[in-house]
Student: 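One structure, pasted below without further comment.
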Amino acid sequence: MPVDLSRVKIETLAVHAGWESDPHTGAVISPLTLSTTFERGADQLPGKHIYIRSGNPNRLALEETLALLEGGAAALAFSSGQAATMALLQALGPGDHVIAPEDAYYGTPALLRDLFARWGLTYTLVDMRDLAHVQSALRPNTRLVWIETPSNPMLRVVDIAAIAGIAHEAHALVACDNTWATPILQRPFELGADIVMHSTTKYLSGHSDVQGGALIFREPGELADRVGVIQSTGGAVPAPFDCYLVHRGIRTLPWRMRAHCENARRVAEHLAGHAGVAAVHYPGLSSHTGHAVAARQMRDFGGMLSFEVRGGRAEALALCARTQLFAHATSLGGPESLIEHRASVEGPTTKTPEGLLRVSVGLEHADDLIADFDAALGG
Ligand SMILES: *Cc1c(COP(=O)(O)O)cnc(C)c1O
């Protein structure tokens, strides 16, 4: 019998949403359905599915699960986080204006600058920690305000509810990139967002082995329908196996996030007391400028942090080469800890301090992670 998920806690939801025993075999885990095409009934009418791109069982199960997890009305899965962001921007029109954070994930402004400027979409990048900057960036044609918090790589925190209030007063939509916080730690719809975006490549799938993205809509309606057409007609959709992997990863998301948060807190506190470290950026530290807002709008402070070593670029690069448990690689959200020199990745125009290292704290034991840093930092 299907489980009634209407009143359960998020841990239970994550385990059960979208999964049902296969009526043909009794298999407890729903099967992976690779078929590209689906039979019509004798009456020639299509059944639940017609063709793989417009919909298939594994994608539908994932989309229903994503909508339930975020508390939205509908979800659409994409082949990457970037494809999800792109689909939302494609639903806007030429001449529309977008406001986004100046420290958004680099791919978001890259889409606005390199692809959508040619389509007549205009945009303004602002520091959203200061609400006056959001207010003064608004124009009569502002259709979308894009929020990302905590941000990359300085872990800046912005007030979702306050920004949503300002945007809605100007009749603009509010989208929140919730990739870093996940629906376990941050509930953008409850804070006023209209759309939630995820790179499911990160925590939602959680094992660094699949690429995907998603948009979740607070309400059904014209916008969700339009983006649905972009998804199925444009075709930037995930394969059934990719959907299966993301859906499987979600089952352990709430418990993985607890461990990521616990480990990150311990690593952050340890680094903050280390003589070789000049600064630690983690919203869970009371010294962090965004701590109060994060404490109000997040259930916990996440698994991402960054820190600045004494000795600048040379020492930062040397440190990434010396850590053993922290793999020197980009991305985040997997079981293994990762460390990355962001200024090198971002190139010559970067504003990121040269001594800064970004860390995705994984699911190893915190004692081992701390010992790895102590050995790498020396002394
Ligand atoms: C990775 C990431 C993206 C882009 O997602 P892809 O799956 O790599 O396309 C967008 N936003 C944030 C915050 C990310 O970390």
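Remember, it's 1-based here, ligands and their atoms both numbered in the order they're listed.
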Student: Going by atom types alone, do Thr330 and Glu340 pair a side-chain donor with an acceptor below 3.5 Å?
Tutor: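 Yes, side-chain donor-acceptor contact under 3.5 Å.
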Student: On a heavy-atom basis, which atom in Tyr106 and which in Arg342 lie closest, and how many Å separate them?
Tutor: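 Shortest heavy-atom separation between Tyr106 and Arg342 comes out as CD2-NH2, 4.5 Å.
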Student: Could I get the full list of side-chain contact (heavy atoms from CB on, under 4.5 Å) partners for Gln135, not counting sequence neighbours?
Tutor: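 Residues passing side-chain contact (heavy atoms from CB on, under 4.5 Å) with Gln135: Leu138, Ile166.
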Student: Side-chain polar contacts of residues 170-177 - donor-acceptor pairs under 3.5 angstrom, sequence neighbours left out - could you list them?
Tutor:
{"residue": "Asp177", "atom": "OD1", "partner": "Thr179", "partner atom": "N", "Å": "3.1"}
{"residue": "Asp177", "atom": "OD1", "partner": "Thr179", "partner atom": "OG1", "Å": "2.7"}

Student: Run through ligand 1 for me and note each protein residue having a heavy atom under 4.0 Å from it, chain first, then residue number.
Tutor: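 Around ligand 1, where the cutoff is 4.0 Å for heavy atoms, the contacting residues are Ser80, Gly81, Gln82, Tyr105, Glu148, Asp177, Thr179, Trp180, Met197, Ser199, Thr201, Lys202, Gly212, Leu332.
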Student: Please check if any side-chain donor atom of Thr142 sits under 3.5 Å from a side-chain acceptor atom of His97, or the reverse.
Tutor: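 There is such a pair between these side chains.
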Student: Residues two or more places apart in sequence or in another chain: which of them pass salt bridge (Lys or Arg N to Asp or Glu O under 4.0 Å) with Glu190?
Tutor: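 With sequence neighbours excluded, Glu190 shows a salt bridge (Lys or Arg N to Asp or Glu O under 4.0 Å) to Arg187, given in chain and number order.
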